[in-house]
Participant: 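Before I ask anything, let me first share the structure, which is written out below as structure tokens.
Throughout, numbering of the chain's residues begins at 1 and tracks the sequence. Just the heavy atoms: all of them, side chains too, but no hydrogens, waters or symmetry mates, feed the values below.
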Amino acid sequence: MSSEPANPNSPGTEATVTGFGRLLWEILRKQFTVMLRYRVNFAINVATMYVFFAIVFFGGQAVVGGVGGSTQSLDSTLNGVIVGWFLWTMAQGAYSGLSGNITQESQWGTLEQLYMSPFGFGRVMLLKATSNVIQSMAIGGVILVLMLVTTGRTLSVDLLTIVPVVIASLLSVVGIGFVFAGLALIYKRIGAVSNLMQFAMVGLVGAPTADVPLLRLLPLVQGSALLQQSMRSGIRLWEFSTEELSILLGVGVGYLVCGYVVFKYCSRVARRRGVMGHY
């Protein structure tokens with residue numbers, strides 16, 4: 001019996017666990033190298049996020065004090081604002097990273113090389129999304145420290161609870177990021193539309209789940225509610241109910257899968273139209 005030679009460009013040749021781990025490491029190394037290479041731009045982005053929070057914090061104190069009231073009402077909601085801003089900061093980076101990657105690769109003229117990768121274009125973008133989430137969590141940690149130092153507040157920071165909740169929360173916005181990344185493959189410039197989602201995420205992070213339980217099926221909503229309970233009240237991961245964790249994970253995975261399917265469809269449309277490598 002004769003056997004066919006292995007195809008060096010097939011996903012099975014390089015797409016091993018070790019291969020994916022090495023690829024993820026190289027993507028992370030490249031991403032953080034670019035971040036350090038353009039460190040002034042990175043520092044300005046982090047400073048901008050912090051300054052916006054500082055404006056809210058000090059501006060709120062000034063307004064409350066200016067009308068002759070007490071800052072007690074502001075203090076009662078400050079912890080919630082800190083946690084919400086922490087999640088919003090990470091969600092913003094995880095969501096916009098994919099469409100930014102597509103635009104950047106198009107400008108560099110390397111997008112078609114990614115499409116021809118033996119790992120498969122979709123798998124490469126999944127690893128890029130993973131890298132974006134890791135980077136976003138690192139930046140979110142920096143912002144959290146700055147906010148706590150500025151306000152002098154103390155929150156419960158149990159990494160065994162916060163990290164799983166944050167990752168599951170960000171899965172949903174990564175799914176939405178895949179949708180916009182797919183649109184970027186076809187239409188290239190979608191920054192104006194993509195930026196609108198940043199404002200929508202503010203509403204999702206602060207959505208009142210107690211008043212409207214169905215809102216928990218939207219991205220970030222359930223994750224924000226659990227993160228608030230964990231960081232403000234010290235509730236551990238194993239103390240949440242099975243229903244709460246199931247909704248968190250189900251919403252995250254559901255949006256991720258749907259977004260990835262849309263992205264794969266858009267990549268086929270872009271290839272069929274011959275605009276994969278154009279910008």
Side-chain angles (χ1 to χ4, degrees), residues 24 28 31-32 35 45-46 49-50 52-54 56-57 75-97 126 129-177 198 201-210 215-256:
L24 177 60
L28 279 169
Q31 194 154 328
F32 279 91
M35 183 180 70
N45 288 334
V46 174
M49 297 177 191
Y50 168 71
F52 280 150
F53 171 79
V56 172
F57 174 62
D75 291 341
S76 63
T77 60
L78 183 56
N79 286 350
V81 173
I82 293 174
V83 176
W85 204 278
F86 170 57
L87 180 59
W88 177 81
T89 299
M90 294 181 290
Q92 185 181 12
Y95 150 75
S96 62
L126 280 171
T130 303
S131 176
N132 291 335
V133 169
I134 294 174
Q135 184 184 39
S136 298
M137 293 178 67
I139 295 174
V142 173
I143 297 295
L144 178 62
V145 171
L146 291 175
M147 290 189 296
L148 294 177
V149 170
T150 300
T151 60
R153 307 306 289 259
T154 302
L155 293 174
S156 175
V157 183
D158 176 33
L159 296 181
L160 293 178
T161 301
I162 293 176
V163 172
V165 171
V166 167
I167 291 176
S169 303
L170 296 183
L171 289 180
S172 57
V173 292
V174 170
I176 297 175
Q198 298 179 13
M201 286 192 295
V202 174
L204 292 173
V205 168
T209 56
L215 290 177
R216 296 186 298 172
L217 301 180
L218 296 177
L220 289 179
V221 175
Q222 178 72 354
S224 177
L226 299 189
L227 196 63
Q228 291 280 355
Q229 295 180 50
S230 173
M231 298 184 70
R232 297 175 65 181
S233 305
I235 298 179
R236 308 304 185 197
L237 182 66
W238 52 89
E239 294 176 336
F240 291 117
S241 68
T242 304
E243 178 186 0
E244 290 175 317
L245 295 177
S246 298
I247 292 175
L248 174 67
L249 189 59
V251 169
V253 174
Y255 278 93
L256 177 62

Participant: State which residues pass side chain to side chain donor-acceptor pair (under 3.5 Å) with S96; sequence neighbours excluded, sorted by chain then number.
Facilitator: none
Participant: Do L227 and F86 have side-chain heavy atoms sitting under 4.5 Å apart?
Facilitator: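 They are in contact (side-chain heavy atoms under 4.5 Å apart), so the answer is yes.
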Participant: CE of M90 to CE of M201: how many Å apart, nearest 0.5 Å?
Facilitator: 11.5 Å
Participant: List the steps, then state whether side-chain contact (heavy atoms from CB on, under 4.5 Å) holds for L170 with M137.
Facilitator: CA-CA 10 Å; L170 296 183; M137 293 178 67; 4.2 Å; yes
Participant: Test T161 against every option in V166, I235, L237 by the side chain to side chain contact (heavy atoms under 4.5 Å, CB included) rule and name the one that passes.
Facilitator: L237
Participant: Give me the atom names and distance for the closest heavy-atom approach of M49 to W85.
Facilitator: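 The answer is O-NE1, 3.3 Å.
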Participant: T150 and Y50: side-chain contact (heavy atoms from CB on, under 4.5 Å), yes or no, with the steps?
Facilitator: CA-CA 10 Å; T150 300; Y50 168 71; 2.6 Å; yes
Participant: Go through it in stages, so that I can follow the logic: the residues are R236 and L160, the test is side-chain contact (heavy atoms from CB on, under 4.5 Å), and I'd like the CA-CA distance, side-chain angles, deciding distance and then a yes or no.
Facilitator: CA-CA 8 Å; R236 308 304 185 197; L160 293 178; over 6 Å; no
Participant: Starting at CG of L171, measure out to CG of L248 and round the result to the nearest 0.5 Å.
Facilitator: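 The distance works out to 8.5 Å.
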Participant: Looking at every non-hydrogen atom in both residues, tell me the closest pair between V251 and L218 and how far apart they are.
Facilitator: CG1-O, 3.9 Å
Participant: With heavy-atom distances below 4.5 Å as the criterion, would you say the side chains of N45 and Q92 are in contact?
Facilitator: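 Not in contact.
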Participant: Rounded to the nearest 0.5 Å, what separation is found between the OG1 atom of T151 and the CG atom of L78?
Facilitator: 5.0 Å
Participant: Roughly how far, to the nearest 0.5 Å, is the CG atom of L256 from the CD1 atom of I176?
Facilitator: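 Separation between the atoms: 11.0 Å.
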Participant: For residues L24 and S131, report the shortest heavy-atom separation together with the two atoms involved.
Facilitator: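 It is CD1-N, 4.3 Å.
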Participant: Could you walk me through whether W88 and L220 pass side-chain contact (heavy atoms from CB on, under 4.5 Å), step by step?
Facilitator: CA-CA 9 Å; W88 177 81; L220 289 179; over 6 Å; no
Participant: Do you know which two heavy atoms are closest between L87 and S169, and how far apart they sit?
Facilitator: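 Taking L87 first and S169 second, the nearest heavy atoms are CD1-CB, 4.3 Å.
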Participant: Distance check, rounded to the nearest 0.5 Å: I139 atom CD1 versus T89 atom OG1?
Facilitator: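 Between atom CD1 of I139 and atom OG1 of T89 there are 9.0 Å.
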Participant: Given 3.5 Å as the limit, does a donor-acceptor pair link the side chain of S172 with the main chain of Y255, or not?
Facilitator: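 Such a contact is absent between S172 side chain and Y255 backbone.
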Participant: Looking only at atom types and distance, does a side-chain atom of S136 sit under 3.5 Å from a main-chain N or O of N132, one as donor and one as acceptor?
Facilitator: yes
Participant: Would you find a donor on one side and an acceptor on the other, under 3.5 Å apart, between the side chain of Q222 and the backbone of E244?
Facilitator: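 Judged by distance alone, yes, a pair lies under 3.5 Å.
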Participant: Please report the closest heavy-atom contact between L215 and A207, naming both atoms and the distance.
Facilitator: CD1-CB, 4.1 Å
Participant: Looking at CE of M231 and CG of L155, how far apart are the two atoms once the value is rounded to the nearest 0.5 Å?
Facilitator: 5.0 Å
Participant: I'd like to check L144 versus I82 (side-chain heavy atoms, cut-off strictly below 4.5 Å). Are they in contact?
Facilitator: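 They are in contact (side-chain heavy atoms under 4.5 Å apart), so the answer is yes.
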Participant: Could you report the tightest heavy-atom contact between V173 and A94, atom names first, then the distance?
Facilitator: CG2-CB, 4.4 Å
Participant: Is S224 close to L204 at the side-chain level, that is, under 4.5 Å between some pair of heavy atoms?
Facilitator: no
